[in-house]
There are 2 protein chains.
Amino acid sequence: MDGPRWLDEREDRAWRGYRRMRRLLDLELARELMQDAGLSEPDYDVLSDLSETPDQRLRLSELADRMLWSRSRLSHHISRMQQRGLVTREECATDGRGSIVALTPAGRRAVESAAPGHVAAVRRHLIDLLTPTELAALGTLSRRVVDHLTDRTEAAG
Amino acid sequence: MDGPRWLDEREDRAWRGYRRMRRLLDLELARELMQDAGLSEPDYDVLSDLSETPDQRLRLSELADRMLWSRSRLSHHISRMQQRGLVTREECATDGRGSIVALTPAGRRAVESAAPGHVAAVRRHLIDLLTPTELAALGTLSRRVVDHLTDRTEAAG
DNA sequence: GCAGTTTGGTTGACATGTCATCAAGCTAGG
DNA sequence: CCTAGCTTGATGACATGTCAACCAAACTGC
């Protein structure tokens with residue numbers, strides 16, 4: 001083992017910048033989403049994933065996998081959203097263990113009314129600030145990192 | 001108001017990619033850090049910020065500002081880290097209200113032993129996967145986003 | 001100096017996320 | 001069949017983060 005290769009100035013700038021951006025962007029998007037639509041980011045993500053699905057409904061585990069959430073987390077979260085009438089749980093016809101999460105009409109209205117403002121915020125605070133080159137770079141680079149981490153986990157698991 | 005400008009394919013790719021990367025990177029880095037050093041990412045960040053400071057100590061509010069944490073969060077977290085002997089609280093000589101967080105020897109040993117592995121992980125899963133162009137783009141773009149959000153909050157606040 | 005306000009930090013109640021465990025149901029090997 | 005082992009989802013205990021209320025020290029202007 002050599003001594004560790006610390007980050008040089010350029011690398012450090014990218015790494016710190018990334019983390020700071022991450023944090024500030026998160027705070028701001030969450031703040032606006034809550035203020036404008038009464039939804040947390042996790043709420044929005046659940047609703048949005050469900051609404052993109054043909055039947056507005058998904059198996060719990062399927063949804064958890066898509067969102068990269070633990071089943072337990074999703075189960076808790078769905079219970080809370082169910083209390084608020086945004087989603088319901090249904091039994092799965094083909095698998096007695098299974099549970100299906102479905103968007104309620106209220107849930108659908110909630111995403112639909114939240115989406116335009118949220119997308120606008122994402123544009124305002126991120127997308128519209130990037131040059132075309134940067135946008136492309138972000139797309140390519142994140143894809144590469146995701147692939148790297150995904151292969152790794154699958155190989156390891 | 002026109003209809004909302006949804007994200008086109010390139011924008012969507014960047015936005016989804018960014019979020020997925022964010023999540024996977026976080027999970028993996030946190031996992032390795034906990035396994036190798038017994039520290040959570042928040043723990044590491046606190047220790048690391050403190051260790052970069054001349055005297056290994058900072059005012060609570062100063063540290064909170066640097067980390068973009070609420071004072072309350074930091075106060076809670078410092079209490080827990082204090083229990084574990086990683087930091088101590090000291091009175092502030094110049095301001096009777098103030099509290100100073102200082103690294104203990106154990107805390108210093110903890111960061112020092114964690115740092116090489118953590119930096120290596122950051123390299124392995126992010127930095128070393130990027131081309132020089134991408135690295136530069138990430139640095140520039142995140143800086144721009146951070147500036148945008150920072151001005152905004154200061155102007156609004 | 002000293003009432004009123006601001007600032008720094010703590011605290012408790014509550015929301016959220018994680019982990020270990022459990023029950024029920026599926027599935028495969030005999 | 002039928003049973004051992006895996007999968008699905010729920011649950012409770014606990015760790016962490018947020019929010020609002022609070023206290024005490026320190027400015028502010030008279």
Side-chain angles (χ1 to χ4, degrees), chain A residues 22-24 26-35 38-47 50 57-84 86-102 157, chain B residues 22-24 26-35 38-47 50 57-84 86-102 157:
Chain A
R22 208 177 161 309
R23 176 91 181 129
L24 284 168
D26 233 38
L27 286 172
E28 181 60 18
L29 292 178
R31 199 184 62 69
E32 292 188 23
L33 193 55
M34 180 54 73
Q35 191 158 46
L39 297 173
S40 68
E41 282 190 307
D43 292 339
Y44 182 86
D45 290 342
V46 167
L47 294 176
L50 280 178
R57 72 197 61 231
L58 279 173
R59 281 290 291 271
L60 240 151
S61 53
E62 170 63 20
L63 183 53
D65 289 349
R66 289 193 193 196
M67 303 186 69
L68 304 172
W69 281 18
S70 73
R71 282 151 200 225
S72 158
R73 176 181 182 185
L74 185 58
S75 181
H76 281 302
H77 202 91
I78 291 300
S79 300
R80 293 189 293 256
M81 294 181 71
Q82 200 171 9
Q83 297 289 332
R84 297 195 282 147
L86 298 169
V87 298
T88 47
R89 266 185 245 247
E90 300 173 353
E91 290 183 1
C92 178
T94 64
D95 186 337
R97 297 163 298 181
S99 208
I100 291 180
V101 198
Chain B
R22 206 175 163 308
R23 176 87 181 131
L24 284 168
D26 234 38
L27 286 172
E28 181 61 19
L29 292 178
R31 201 184 62 67
E32 292 188 23
L33 193 54
M34 182 52 74
Q35 191 159 45
L39 297 173
S40 69
E41 280 190 308
D43 292 339
Y44 182 85
D45 290 342
V46 168
L47 294 176
L50 280 178
R57 73 197 61 230
L58 278 173
R59 283 290 290 272
L60 242 151
S61 52
E62 170 63 21
L63 183 53
D65 289 348
R66 290 193 192 196
M67 302 185 71
L68 303 172
W69 280 17
S70 73
R71 281 149 203 231
S72 158
R73 175 180 183 186
L74 185 58
S75 181
H76 281 302
H77 201 90
I78 291 300
S79 301
R80 293 188 294 259
M81 294 181 71
Q82 199 171 9
Q83 296 291 331
R84 298 196 279 147
L86 297 170
V87 298
T88 47
R89 264 185 246 250
E90 301 173 352
E91 290 182 1
C92 178
T94 64
D95 186 336
R97 296 163 297 183
S99 207
I100 291 179
V101 199

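Throughout, a chain's letter reflects where its sequence line sits, starting with A, and its residues are numbered from 1. All values below come from the heavy atoms of this structure, side chains included, with hydrogens, waters and symmetry mates left out.
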B:Leu58 vs B:Ile100 side-chain heavy atoms within contact, under 4.5 Å = no
message = Distance check needed: D:dG17 C1' versus A:Met34 CE, whole Å only.
response = 14 Å
ask   = For A:Met81 and C:dT16, what is the distance between atoms CE and P respectively, to the nearest whole Å?
value = 11 Å
Restricting both atoms to N or O, compile the protein contacts to nucleotides 18-21 of chain C shorter than 3.5 Å, with distance only.
from, atom 1, to, atom 2, distance (Å)
C:dT18, O4, A:His76, NE2, 3.2
C:dC19, N4, A:Ser72, OG, 2.5

task = Quickly work out the B:Glu41 CD to D:dA15 C1' distance and round it to whole Å.
result = 16 Å
query = Should A:Ser79 and A:Arg89 count as side-chain neighbours, where that means a heavy-atom distance under 4.5 Å?
reply = yes
query = So, A:Arg57 and A:Thr88: side-chain donor and acceptor under 3.5 Å apart, yes or no?
reply = no
task = In whole angstrom, give the distance that lies between atom CG of B:Leu68 and atom P of D:dT18.
result = 12 Å
inquiry  = At less than 4.0 Å, is any side-chain N or O atom of B:Arg89 found next to OP1 or OP2 of C:dT10? Yes or no.
reply    = yes
Show the distances under 3.5 angstrom between N or O atoms of the protein and N or O atoms of nucleotides 1-5 of chain C.
none

key: Straight-line distance of B:Arg71 CZ to B:Leu63 CG, nearest 0.5 Å   = 11.0 Å
query = Is there a side-chain polar atom (N or O) of B:His77 under 4.0 Å from OP1 or OP2 of D:dT16?
reply = no
query = Do B:Leu86 and B:Val46 touch side chain to side chain, with heavy atoms closer than 4.5 Å?
reply = no
query = Atom CG in B:Asp45, atom CZ in B:Arg66: separation rounded to 0.5 Å?
reply = 13.5 Å
query = With side chains defined as the heavy atoms from C-beta onward, is the minimum distance between B:Pro42 and B:Arg73 less than 4.5 Å?
reply = yes
remark   = Rounded to whole Å, CD of B:Glu62 lies from C1' of C:dG9 at a distance of 15 Å
message = What I'd like to find out is whether the side chain of A:Tyr44 reaches to under 4.5 Å of the side chain of A:Met34, using heavy atoms alone.
response = no
ask   = Listed by chain and number, what are the side chain to side chain donor-acceptor pair (under 3.5 Å) partners of B:Ser72, not counting sequence neighbours?
value = none
request  = Work out how much the helix from C:dG1-D:dC30 to C:dG30-D:dC1 bends between its end axes, five pairs an end, to the nearest 10 degrees.
outcome  = 20°
task = When you get a sec, tell me which of C:dG9, D:dT8, D:dA10 is the closest nucleotide to the side chain of A:Ser61?
result = D:dT8
message = When you measure from the side-chain N and O atoms of A:Ser75 to the phosphate of D:dG9, is any distance below 4.0 Å, counting only OP1 and OP2?
response = no
key: Distance test, side-chain N/O of A:Arg71 to OP1/OP2 of D:dT7, below 4.0 Å   = no
ask   = Is there side-chain contact between A:Leu33 and A:Glu41, with heavy atoms separated by less than 4.5 Å?
value = yes
task = Report the distance from atom CD of A:Glu91 to atom C1' of D:dG9, rounded to the nearest whole Å.
result = 13 Å
query = Can you name the ring pair (Phe, Tyr, Trp, His ring centres under 6.0 Å) partners of B:His76, sequence neighbours left out?
reply = none
key: A:Val101 and A:Glu90, any side-chain heavy atoms less than 4.5 Å apart   = no
inquiry  = Rounded to whole Å, how long is the line connecting atom CG of B:Leu74 with atom C1' of C:dT11?
reply    = 15 Å
message = Whether B:Ser99 contacts C:dT10 is assessed here as follows: a side-chain N or O lying under 4.0 Å from the phosphate OP1 or OP2. Is that the case?
response = yes
note = Whole-Å distance, B:Arg80 CZ to C:dT10 P, equals 13 Å
query = Measuring from A:Asp26:CG to A:Arg31:CZ, what's the distance to the nearest 0.5 Å?
reply = 13.0 Å
ask   = Is it true that A:Arg80 and A:Asp43 make a salt bridge, defined as a side-chain N closer than 4.0 Å to a carboxylate O?
value = no
Expected rows: protein N/O vs nucleotides 25-29 of chain D N/O, under 3.5 Å:
from, atom 1, to, atom 2, distance (Å)
D:dA26, OP1, B:Gly96, N, 2.6

